[in-house]
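Proteins get letters first, then strands, A, B, ... in listed order; numbering begins at 1 in each.
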Amino acid sequence: MLRQMTRLSRSFFTREDVLQISRELLGKYLVTDFGAGRTAGRIVEVEAYRAPDDKASHAYGNRYTERTKAMFARGGHAYIYLCYGIHHLFNVVTGEQGMAHAVLIRALEPVENTALMLRRRHMEKTEPRLTAGPGVLSQAMGISRQYTGTDMLDAQSPIWIETREETVAAEEIIASPRIGVAYAEECAAWEWRFYLRGNRWVSKQRVSKQRVS
DNA sequence: CGAATGATCGGCT
DNA sequence: GCCGATCATTCGA
C-alpha cells in the first residue's frame with residue numbers, strides 16, 4: 001500500500017511544547033536531497049533542549065552567539081553545529097521566533113537510498129552504526145554545518161521532514177535522561193531523551209565517557 | 001567484551 | 001587553556 005508523504009507543516013514546529021514535539025517526531029521521516037539523490041530515514045531517537053532554563057542547551061540563559069542564533073529562528077529551521085571539532089549534529093528548531101527550543105535527532109532507521117548513505121559513511125554493509133548516533137546519521141544523510149539556519153519549510157530546502165501517516169503508540173516510546181550532558185547539573189536527570197522501544201537503530205550507550213559524581 | 005584515547009574546532013555556559 | 005549534545009580505533013583481559 002502506498003503511503004502519502006507530506007512535509008510537516010509550519011504549525012507542527014511552532015508549537016510551544018518541545019517535549020511533545022520531540023515525541024511526535026518519532027516515526028517521522030528525515031529526508032535530504034542535495035541534487036545527487038534523495039536519502040531518507042525514519043526517526044527513532046531524539047532529545048529535547050529547552051532554553052532558556054535548560055543548562056544542557058547551547059542557548060541556556062538565551063545565550064546568543066553566531067553558533068546559537070539559528071536556534072532563535074521560528075520552528076521548522078535547522079540548527080546544525082560542530083561537535084568535538086568533528087561531528088555535525090542536526091537539530092530541528094521548534095517554537096515561535098525568539099524561543100530557542102530544539103530537538104536533536106539522535107538516530108534513524110535507513111529507509112531510502114541506503115546505497116548512497118553507505119557511500120557517504122565509507123561502509124559496505126547496512127548495520128546500526130550507519131545511522132545510530134547523531135554524528136553518524138548526519139554523515140549518512142550528507143548534512144553538514146553549512147546548512148544551519150536553513151528553513152525546512154522552504155520549498156528549495158535540501159533538508160526536510162515528512163510524515164507518512166504512521167501512528168506511534170505512546171507505549172512504544174521510552175523516556176530516559178539525555179546522553180552526554182552530565183555537566184548540566186540538575187538538568188542532567190531530566191528524561192528528555194525519547195526513543196522507540198526495542199528498535200535496533202537506536203544509538204548504543206557509550207560507557208567510557210560517563211561521569212559518576 | 002570493556003576501557004582508554006585521539007581527532008579537531010568553537011565558545012567560554 | 002579547557003572542555004564538549006561524538007565516534008573509531010586500539011589495547012588488554
*Only one of Arg200(A), Arg197(A), Arg106(A) forms a salt bridge (Lys or Arg N to Asp or Glu O under 4.0 Å) with Glu45(A), so which one is it?*
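Answer after filtering Arg200(A), Arg197(A), Arg106(A): Arg106(A).
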*Test item: Arg178(A) side-chain N/O and Ala48(A) main-chain N/O as donor-acceptor pair under 3.5 Å*: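 Answer holds: yes.
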*asked:* Looking at dC9(B), I'd like to know if its phosphate oxygens (OP1 or OP2) sit under 4.0 Å from a side-chain N or O belonging to Arg67(A).
replied: no
*dT9(C) OP1/OP2 closer than 4.0 Å to side-chain N/O of Arg129(A)*: no
_First of Arg145(A) and His87(A) reached from the 5' end of DNA chain B, by closest nucleotide_ = His87(A)
Measure [atom1]/[X] against [atom2]/[N] and give the value in whole Å, please.
X         : N       : atom1 : atom2 : value
Ile80(A)  : dT6(C)  : CD1   : P     : 16 Å
Glu66(A)  : dG10(B) : CD    : P     : 11 Å
Arg121(A) : dT6(C)  : CZ    : C1'   : 11 Å
Arg193(A) : dT6(C)  : CZ    : P     : 11 Å
Arg106(A) : dC7(C)  : CZ    : C1'   : 11 Å

Within the structure shown, what part of the strands sits under 4.0 Å from [X] by heavy-atom distance: base, sugar-phosphate, or nothing?
X         : answer
Ile86(A)  : base
Gly61(A)  : nothing
Leu82(A)  : sugar-phosphate
Arg178(A) : nothing
Gly135(A) : sugar-phosphate

*Is Tyr84(A) stacked on the base of dT6(C), meaning ring centres closer than 5.5 Å and planes within 30 degrees of each other?*
yes
*asked:* Under a 3.5 Å cutoff, is there a donor and acceptor pairing between the side chains of Arg193(A) and Ser176(A)?
replied: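 Result is yes, a qualifying pair exists.
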*May I ask you to check whether Tyr81(A) and Phe90(A) place their ring centers less than 6.0 Å from one another?*
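Tyr81(A) vs Phe90(A): aromatic centres not under 6.0 Å.
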*Val136(A) has a side chain; which of dC7(C), dG10(B), dC12(B) sits nearest to it?*
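Out of dC7(C), dG10(B), dC12(B), the nucleotide with an atom closest to Val136(A)'s side chain is dC7(C).
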*Quick one: do Glu162(A) and Arg42(A) make a salt bridge, cutoff under 4.0 Å?*
no
